[in-house]
Amino acid sequence: MTQDSSAASNNGQQSSSAPATPLKGGKNGKPEKNLYEPYEPPTWAWVSLRTIARVVFALLFNIHLRGRQNLPKEGPFIVAANHLSWMDVPFIPAYMSRKVVYMAKEELFRGKIGWLVRFLGAIPVKRGEADRQSLRAAETLLKAGKVFVIFPEGTRSKSRMMAKGHVGLGMIALRSGVPVVPVAIWGSEYSFKKFRPRITICYGQPVILQPKGSKVTREDIDEATDEIMRRIAAMLPPEYRGVYADLPVGQPIAPVEEVPAGEKLPDQPAS
């Protein structure tokens, strides 16, 4: 079902190539921009924002990184993470060397921070339903070589414990055939609640998910989603694992090296 790798391999399963249609319902009845085509800021703007974010994070938080060397250096891949705080959104990609694209709930695009959501490269997803438009957009972005970030639980966990992952993760991973990097983050729930809280971000080993047969089935999708969620849970302290608490207590699936956020790993390119 799975294959550990740091490079993509296509499993031959292609989704519909029909372009996603723009969301409607802008102000004064005018159609909105196609929100499924994420805004890509100039490189200088992205690098500047990331540099500022790292400096601010160093002052406000005690961030430690694990397994940063597991991030693929090229090619498309998916980052799938648990979700404890809205701060997870900037924390997880802040220490990556490449721009990322997010999947964010559609409501955010209608609010006051809609401009910021678009600037960060997000595309909308309708929660509580099978949003095929978002899934097609995600696959298109991965085919274009992007790095795609998704929080499979769909919302922040108020109890700190993991909830069941939504199957959109498994569907995108199986259809695109790109590596999935499971990411576990904890301590972020204390952001702005404690003085310099310790926040740990653990980037797991990339895994390529493959269907059992020639076609992707619902069973394949369920198993693929569960596989990634369990890999995330295995890197978390036991008290955070929630519905995946039946995992044995011990070392993460992939060995990781922990370093303070400001320290460069020997095999990590400067960014």
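Owing to the predicted nature of the structure, the values given are computational and were not obtained by experimental measurement.
Phe148 places a side-chain heavy atom less than 4.5 Å from the side chain of Ile123. Residues Tyr244 and Asp226 are in side-chain contact: their nearest non-hydrogen atoms beyond the backbone lie under 4.5 Å apart. Residues Met171 and Val216 have side chains not in contact (no heavy-atom distance under 4.5 Å, counting atoms from C-beta outward). The shortest side-chain heavy-atom distance between Phe77 and Leu71 falls under the 4.5 Å cut-off. Considering only heavy atoms from C-beta on, Pro38 comes within 4.5 Å of Leu141 through its side chain. Counting heavy atoms from C-beta outward, Ile78 and Ser176 have side chains that approach closer than 4.5 Å. Val79 is not listed as a side-chain neighbour of Val100, based on a closest heavy-atom distance of 4.5 Å or more.
In terms of heavy atoms, Ile208 sits closest to Pro179 at CG1-CA, 3.9 Å. In terms of heavy atoms, Ala163 sits closest to Val243 at C-CG2, 3.7 Å. Shown here for Met235 and Ala184, the closest heavy-atom pair between the two residues is CB-CB, 3.7 Å. In plain terms, the two heavy atoms of Ser191 and Ile199 that are nearest each other are OG-CD1, 3.9 Å. When all heavy atoms are compared, the tightest approach of Ala122 to Ala104 is CB-CB, 4.1 Å. Closest approach of Pro72 to Val181, counting heavy atoms only: CD-CG2, 3.8 Å.
Distance CD/Glu189 to CG/Leu84: 5.0 Å, rounded to 0.5 Å. We find the CD1-CZ distance between Ile201 and Arg66 to be 11.5 Å, quoted to the nearest 0.5 Å. How far CE of Met162 is from CH2 of Trp186: 12.0 Å, rounded to the nearest 0.5 Å. In this structure, CZ on Arg160 lies 6.0 Å from CD on Glu239, to the nearest 0.5 angstrom. Atom CG of Leu169 is separated from atom CD of Glu227 by 11.0 Å, given to the nearest 0.5 angstrom. Taking CZ from Arg118 and CD from Glu40, the interatomic distance works out to 12.0 Å, rounded to the nearest 0.5 Å.
A salt bridge links Arg230 with Asp246; the closest basic N to acidic carboxylate O contact falls under 4.0 Å.
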Stepwise, does the side-chain contact (heavy atoms from CB on, under 4.5 Å) test hold for Phe151 with Ile92? CA-CA 11 Å; Phe151 297 97; Ile92 289 172; 3.8 Å; yes
Before you tell me yes or no, could you show the steps for Thr225 and Lys164 under side-chain contact (heavy atoms from CB on, under 4.5 Å), namely the whole-Å CA-CA distance, both residues' side-chain angles and the distance that decides it to 0.1 Å? CA-CA 9 Å; Thr225 302; Lys164 191 74 173 175; over 6 Å; no
Please test Arg218 against Val167 for side-chain contact (heavy atoms from CB on, under 4.5 Å), starting from the C-alpha separation and ending with a verdict. CA-CA 9 Å; Arg218 179 55 190 256; Val167 296; 3.8 Å; yes
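Note on residues 80-91: pairs passing side-chain hydrogen bond (donor to acceptor under 3.5 Å, both in side chains), not counting sequence neighbours, are His83-Asp88, Asp88-Ser188.
Leu49 and Phe91 fall within the same hydrophobic cluster, where Ile, Leu, Val, Met, Phe, Trp and Tyr residues are linked whenever their side-chain heavy atoms come under 4.5 Å apart, directly or through other members. Note on Leu65: it clusters hydrophobically with Val56, by side-chain heavy-atom contacts below 4.5 Å among ILVMFWY residues. By the criterion of side-chain heavy atoms lying less than 4.5 angstrom apart, applied directly or through intervening Ile, Leu, Val, Met, Phe, Trp or Tyr residues, Phe195 is not grouped with Ile63; the two fall into different hydrophobic clusters. The same ILVMFWY cluster, assembled from side-chain heavy atoms under 4.5 Å apart, contains both Trp115 and Val89. The hydrophobic cluster containing Phe119 also contains Ile52, counting ILVMFWY residues as joined when their side-chain heavy atoms lie under 4.5 angstrom apart, directly or transitively.
Under the 3.5 Å distance criterion, the side-chain polar atoms of Arg54 are matched with a main-chain donor or acceptor of Ala94. Using a distance-only test at 3.5 Å, with no hydrogens or angles considered, no donor-acceptor pair links the side chain of Lys126 to the main chain of Gln133. A donor-acceptor pair is defined here as one N or O able to donate and one able to accept, closer than 3.5 Å; no such pair exists between the side chain of Arg198 and the backbone of Gly187. A donor-acceptor pair under 3.5 Å is formed between the side chain of Arg68 and the backbone N or O of Tyr95. For Arg50 (side chain) and Met96 (main-chain N/O), a donor-acceptor pair under 3.5 Å exists by modelled atom type.
Between Phe61 and Phe192, a ring centre-to-centre spacing shorter than 6.0 Å is recorded.
In this structure Glu153 satisfies the side chain to side chain donor-acceptor pair (under 3.5 Å) test with no other residue, sequence neighbours excluded.
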